[in-house]
Amino acid sequence: MKDKLYRLAFRLLQNVQEAEDAVQETMIRIWGKREEWGQWQSLEAYCMISIKNNCLDKLRKQKQWLRPVREEKARDITSPDKDPQEKMMAKEAMIQIRKCMDELPQHQQLVIQLREIEGFSYNEIAEVLDMSMDQVKVNLFRARNAIKRSIIKEGSL
């Protein structure tokens, strides 16, 4: 779960050290509650809610919400069996998608991050982000359409 927690923390905080600190703080806090784990419906969902809340608290203290993701921080989606040109095109595509994601409203960013990158179900996203299933679906639909429009407008991908 550490990697999923880190990716969400980095999406929110946009700082490697702050994201690592948030993950460590969250994991320590959850380890302290290990006797309660059996009472929770989903440990993973609880951890994701905890990291989200921890990061949002940090951002409120800093009075900074989302900052744009720098291109060099974009996740590399290439696989070792692709040729160099395919790797470059895949990396450029991911950079463009990340730029599009950065322009989305915060809820849409979080929903698409959890659904498309982390692979969460609609129910898990609703629980983590404390929103209704309809809100999750609407935010995901709008985020996907905004990214699609942006990519079509750019004329690439």
- Message: What's the separation between atom NZ in Lys2 and atom CD in Glu20, rounded to the nearest 0.5 Å?
- Response: 9.0 Å
- Would you please test Ile112 and Gln108 for side chain to side chain contact (heavy atoms under 4.5 Å, CB included) and show each step? CA-CA 6 Å; Ile112 204 157; Gln108 290 178 20; over 6 Å; no
- Message: Does atom CD (Glu35) have a neighbourhood of more than 12 heavy atoms from anything else shown, all under 6.0 Å?
- Response: yes
- Query: Does Asn54 use its side chain to pair, donor to acceptor, with the backbone of Ser50 at less than 3.5 Å?
  - Reply: no
- Query: If you look at every heavy atom in Ala45 and Val128, which pair is closest and at what distance?
  - Reply: O-CG2, 3.8 Å
- Message: Run Gln39 and Glu36 through side chain to side chain contact (heavy atoms under 4.5 Å, CB included) and show every step you take.
- Response: CA-CA 5 Å; Gln39 300 168 8; Glu36 301 172 25; 4.2 Å; yes
- Distance in Å, Thr26 OG1 paired with Met48 CE, rounded so as to fall on 0.5 Å steps: 10.5 Å
- Message: Run the salt bridge (charged side-chain N to carboxylate O under 4.0 Å, His left out) test on Glu124 and Arg115 for me, step by step, so that the C-alpha distance in whole Å, both residues' side-chain angles and the decisive distance to 0.1 Å come before the verdict.
- Response: CA-CA 9 Å; Glu124 290 171 324; Arg115 179 67 183 165; over 6 Å; no
- Message: Donor-acceptor pair, distance only, cut-off 3.5 Å: does the side chain of Glu18 make one with the backbone of Gln14?
- Response: no
- Message: For Ala9 versus Val23, what's the shortest heavy-atom pair and its separation?
- Response: CB-CG2, 4.2 Å
- With hydrophobic residues grouped by side-chain heavy-atom distances under 4.5 Å, do Met133 and Phe120 end up in a single group? yes
- Task: Quick one: sort the Tyr46 and Trp40 rings into parallel, tilted or perpendicular, breaks at 30° and 60°.
- Result: parallel
- Query: Which atoms form the tightest heavy-atom contact between Ala22 and Lys58, and what is the distance?
  - Reply: CB-CE, 3.8 Å
- Note on the structure: Here the pair of heavy atoms bringing Leu104 nearest to Gln109 is O-NE2, 2.9 Å
- Note on the structure: Distance col, row Arg144:CZ vs Ile147:CD1, nearest 0.5 angstrom, shows 9.5 Å
- Charged N to carboxylate O under 4.0 angstrom, Lys52 versus Asp57? no
- Message: Tell me which one of Glu127, Met131, His107 satisfies side chain to side chain contact (heavy atoms under 4.5 Å, CB included) with Val136.
- Response: Met131
- Item | Pairwise distance CD(Glu25) to CD1(Ile30) - rounded to 0.5 angstrom | 12.0 Å
- Task: Compare all side-chain heavy atoms of Cys55 with those of Leu8 and state whether any distance is below 4.5 angstrom.
- Result: no
- Would Leu114 and Met1 show up in the same hydrophobic cluster when neighbours are defined by side-chain heavy atoms closer than 4.5 Å? no
- In sequence, state the C-alpha distance, the side-chain angles, and the governing distance for Phe10 and Asn15, and then conclude on side chain to side chain contact (heavy atoms under 4.5 Å, CB included). CA-CA 6 Å; Phe10 184 77; Asn15 181 290; 5.6 Å; no
- Query: Would Val16 and Leu13 show up in the same hydrophobic cluster when neighbours are defined by side-chain heavy atoms closer than 4.5 Å?
  - Reply: yes
- Message: To the closest 0.5 Å, what do you measure between CG (Leu129) and CD (Gln135)?
- Response: 10.0 Å
- Task: Give, for atom CD1 of Ile51 and atom CG of Leu56, the distance between the pair rounded to the nearest 0.5 Å.
- Result: 10.0 Å
- Distance-minimising heavy-atom pair for Ala19 and Tyr6: CB-CE1, 3.6 Å
- Query: Distance only, no hydrogens: is a donor on one side chain within 3.5 Å (strictly under) of an acceptor on the other, for Arg11 and Gln113?
  - Reply: yes
- Task: Verify the cluster assignment for Ile125 and Val138: are they in a single hydrophobic cluster under the rule of side-chain heavy atoms below 4.5 Å apart?
- Result: no
